[in-house]
Amino acid sequence: MIVVTSDAVPGKRIVRTVGLVRGNAVRVRHIGKDILAGLRNIVGGEVHEYAKLLAESREQALDRMTTEAAGLGANAVVATRFTTSVMMGGAAELLAVGTAVVVEDE
């Protein structure tokens, strides 16, 4: 599955637009990670615990989006975007959306 943020795939042409696809991941923070992040806030530096959590969420959202696209018969997703929203204190959603298409070589 080809996934791009552009409206086209270089070297390919879109022969059919399947439709909007999306995948989401909802995650909550862990008290242990919050404590480590709080300590890191005092001394400075990257908060690895949250960076890992976000990376896992992005991958899960992408996997769910591409699974939906494949189920619709697409072989690519164009115009992919990510968005996040806070659902409640300590919980957030990461959403991947794009347009599922069928592409072939030019």
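Counting begins at 1 with the first residue of the sequence. All values below were derived from every heavy atom in this structure, side-chain atoms included, with hydrogens, water molecules and symmetry-related copies excluded.
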| message | Given Val103, which partner from the list Val15, Asn75, Val4 fulfils the side-chain contact (heavy atoms from CB on, under 4.5 Å) test? | response | Asn75
| task | Please name the pair of heavy atoms, one in Arg13 and one in Asp105, separated by the smallest distance, quoted to 0.1 Å. | result | NE-O, 4.2 Å
| query | Do Val18 and Arg16 come close enough that some side-chain heavy atom pair is under 4.5 Å? | reply | yes
| For the hydrophobic clusters of this structure (ILVMFWY residues joined by side-chain heavy atoms under 4.5 Å, transitively), does one cluster hold both Ile14 and Val9? | yes
| query | Okay, side chain of Arg64, backbone of Arg22: is any donor-acceptor separation there less than 3.5 Å? | reply | no
| Interatomic distance, Arg27 atom CZ to Glu56 atom CD [nearest 0.5 angstrom] | 5.5 Å
| request: Could you tell me which residues satisfy side chain to side chain contact (heavy atoms under 4.5 Å, CB included) with Ala69, sequence neighbours excluded, listed by chain and number? | output: Met1, Val21, Ala74, Val77, Ala100
| message | Starting from Val78, can I reach Val97 by hopping between I/L/V/M/F/W/Y residues whose side chains sit under 4.5 Å apart? | response | no
| In the single-linkage hydrophobic clustering (I, L, V, M, F, W, Y; side-chain heavy atoms under 4.5 Å), do Ile2 and Leu20 co-cluster? | no
| For the atom pair CD (Glu59) and CG (Leu54), what is the distance rounded to the nearest 0.5 Å? | 12.0 Å
| note | dist Asn24:CG -> Thr84:OG1 (nearest 0.5 Å) comes out at 12.5 Å
| task | Indicate, with yes or no, if Leu62 and Val26 share a hydrophobic cluster defined by side-chain heavy-atom contacts under 4.5 Å among Ile, Leu, Val, Met, Phe, Trp and Tyr. | result | no
